[in-house]
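Single-structure report; data block below.
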Number of protein chains: 2
Amino acid sequence: MAAALDRSFAALSDPTRRAIVSRLARGPARVTDVAARFPITLNAVSKHLKVLERAGLLRRRRAGREHHLELRAAPLREIARWTSRYERFWNEKLDALGAFLEEEN
Amino acid sequence: MAAALDRSFAALSDPTRRAIVSRLARGPARVTDVAARFPITLNAVSKHLKVLERAGLLRRRRAGREHHLELRAAPLREIARWTSRYERFWNEKLDALGAFLEEEN
DNA sequence: CCAATATTCAACCACATGGTTGAATATGTC
DNA sequence: GACATATTCAACCATGTGGTTGAATATTGG
């Protein structure tokens, strides 16, 4: 589904959210734990977490009053898969004969 | 630079722009050529192209009144590099002992 | 019960975005 | 010069975003 890619790319276009992903890669954390690292409000972090959650990049387990967050990297795999379709262009080798077919998404 | 990643991720968060990348992977094209495939205005496509250009995802060569566009995939490589840092999470193997250090960006 | 802690909800603000329409600017063609 | 083609610029609109502040909702602990 294309909309999923939309959300994943959009979620990762913000440096704070990429930093949150980075943080969660080091292990699960609560909202407050994540927020502690950033100079913005807890509320702002809460919003970022919702964006990441909607993109499927994290899972939230409510445990009492605490929300335990853990990284879900499947969307990252989809992004890697999408970009890998253009690997042959990465080296700036101008062989335009590398034209190939593909369906969009 | 983090802002470059910001722009790349943001540029690719739109399905039209991903389709434009896909189109340019099949070879260079003019603005009108690209626009022909989409149900939106030429003006809208022109804006999308500017976003892709600012993200470094395409290069524009003016040839008379025509602008020749060609894919520049280097930012895609950066995205692939960023996401690859999380490869170990892709298989949903819940070994939380896979914690590892990293600096953000 | 009461107070503290963890988190979200709601309203607001400034700004970006994706789209439109209409005009402007170049360049090519007759 | 006059007209057509290629592209951008400018203004506008609706919607989303990243941030704030302040209030609400749960849960835990004395």
Side-chain angles (χ1 to χ4, degrees), chain A residues 2-24 27-70 75 104-105, chain B residues 2-24 27-70 75 104-105:
Chain A
L5 262 188
D6 289 12
R7 281 190 290 269
S8 303
F9 273 117
L12 295 172
S13 71
D14 182 274
T16 300
R17 284 194 294 263
R18 287 199 305 279
I20 291 174
V21 167
S22 169
R23 165 64 185 84
L24 291 182
R30 301 169 307 146
V31 176
T32 312
D33 298 333
V34 172
R37 323 183 101 217
F38 302 102
I40 58 179
T41 320
L42 176 72
N43 273 3
V45 172
S46 175
K47 278 180 162 191
H48 282 306
L49 292 173
K50 245 182 302 183
V51 172
L52 288 168
E53 192 176 17
R54 213 163 68 89
L57 278 159
L58 65 82
R59 189 163 41 183
R60 186 190 299 259
R61 272 180 17 243
R62 286 162 189 74
R65 63 183 162 182
E66 305 181 345
H67 294 205
H68 269 244
L69 312 164
E70 61 181 36
E104 169 50 16
N105 250 356
Chain B
L5 262 188
D6 289 12
R7 280 190 291 269
S8 303
F9 273 117
L12 295 171
S13 72
D14 182 274
T16 300
R17 285 195 292 264
R18 287 200 306 278
I20 292 176
V21 167
S22 168
R23 165 65 185 83
L24 292 181
R30 300 170 307 147
V31 175
T32 313
D33 297 334
V34 171
R37 321 184 102 217
F38 302 104
I40 59 179
T41 319
L42 177 71
N43 272 4
V45 172
S46 174
K47 278 179 159 188
H48 282 306
L49 292 173
K50 246 180 303 185
V51 173
L52 288 168
E53 194 176 15
R54 213 162 70 87
L57 278 159
L58 64 84
R59 188 163 43 181
R60 186 189 302 256
R61 273 179 18 241
R62 286 162 189 74
R65 62 182 164 183
E66 304 181 342
H67 294 204
H68 268 245
L69 312 163
E70 59 181 37
E104 169 48 16
N105 247 354

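A, B, ... follow the sequence lines: proteins, then strands. Residue 1 opens every chain. What you see is a predicted model; the values in this text were computed from it and never measured. Quick note: numbers below take in every heavy atom, side chains included, and nothing from hydrogens, waters or symmetry partners.
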Stepwise side-chain contact (heavy atoms from CB on, under 4.5 Å) test for A:F9 and B:D14: CA-CA 8 Å; A:F9 273 117; B:D14 182 274; over 6 Å; no
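The distance between atom CG of A:L42 and atom P of D:dA24, rounded to the nearest whole Å, is 18 Å. Summarising the geometry, the separation between CG on B:N43 and P on D:dT8 is reported as 9 Å, rounded to the nearest angstrom. When the C1' atom of C:dT25 is taken as reference, atom CD of B:E66 falls 16 Å away, rounded to whole Å. Between the CZ atom of B:F9 and the P atom of C:dT17 there is a distance of 17 Å, given to the nearest Å. Protein atom CG of A:D33 is 15 Å distant from nucleotide atom P of C:dT5, rounded to whole Å. The interatomic distance linking B:D14 (CG) with D:dT15 (P) rounds to 17 Å, in whole Å. Between the NZ atom of B:K47 and the P atom of D:dT7 there is a distance of 18 Å, given to the nearest Å. Rounded to a whole Å, the CG atom of B:D6 is 15 Å from the P atom of D:dT17.
Taking every side-chain heavy atom of B:R30 into account, D:dA6 is the closest of C:dA11, D:dT8, D:dA6. Distance from the side chain of B:H67 is smallest for D:dT8 among the nucleotides D:dT8, D:dT21, C:dT20. Side-chain proximity of A:H48 to the nucleotides C:dT8, D:dG18, C:dG18 is greatest for D:dG18. Taking only side-chain atoms of A:V31, from C-beta outward, the nucleotide of D:dA6, D:dT8, C:dT8 with the closest atom is C:dT8. Distances from the side chain of B:T32 to the nucleotides D:dA6, D:dT8, C:dT20 place D:dA6 closest. Side chain of A:R65, nearest nucleotide from C:dG19, D:dA10, D:dT28: D:dT28.
The residues B:R23 and B:D33 are annotated as not salt-bridged, no charged nitrogen and carboxylate oxygen being separated by less than 4.0 angstrom.
Rounding to the nearest 0.5 angstrom, the gap separating the CG atom in B:L24 from the NE2 atom in B:H68 is 12.0 Å. B:R54 contributes atom CZ, which lies 14.0 Å from atom CG of B:L49 (distance to the nearest 0.5 angstrom).
At a threshold of 4.5 Å between non-hydrogen side-chain atoms, the residues A:S13 and B:D6 do not count as touching. The side-chain heavy atoms of B:R61 and B:L69, taken from C-beta on, include no pair separated by under 4.5 Å.
Between B:S46 and D:dT8, a side-chain N or O to OP1/OP2 separation shorter than 4.0 Å is present. For C:dT17, neither phosphate oxygen OP1 nor OP2 lies less than 4.0 angstrom from any side-chain nitrogen or oxygen of B:R17. Side-chain nitrogen and oxygen atoms of A:T41 include none within less than 4.0 Å of the OP1 or OP2 phosphate oxygen of D:dG19.
Contacts of A:R62 with the nucleic acid, taken as non-hydrogen atoms under 4.0 Å apart, are absent. Among the heavy atoms of the strands lying under 4.0 Å from B:K50 are primed sugar atoms or P, OP1, OP2 only; no base atom is included.
Remark on DNA chain D: of its neighbouring residues A:R54 and A:A63, the 5'-side contact belongs to A:R54, judged by nearest-heavy-atom nucleotide.
In this structure a side-chain-to-backbone donor-acceptor pair under 3.5 Å is present from B:S8 to B:A4.
For the side chain to side chain donor-acceptor pair (under 3.5 Å) with B:E53, the lone residue among B:R59, B:R60, B:H48 that qualifies is B:R60.
Inter-axis angle, ends of the helix from C:dC1-D:dG30 to C:dC30-D:dG1, five pairs per end, rounded to 10 degrees: 10°.
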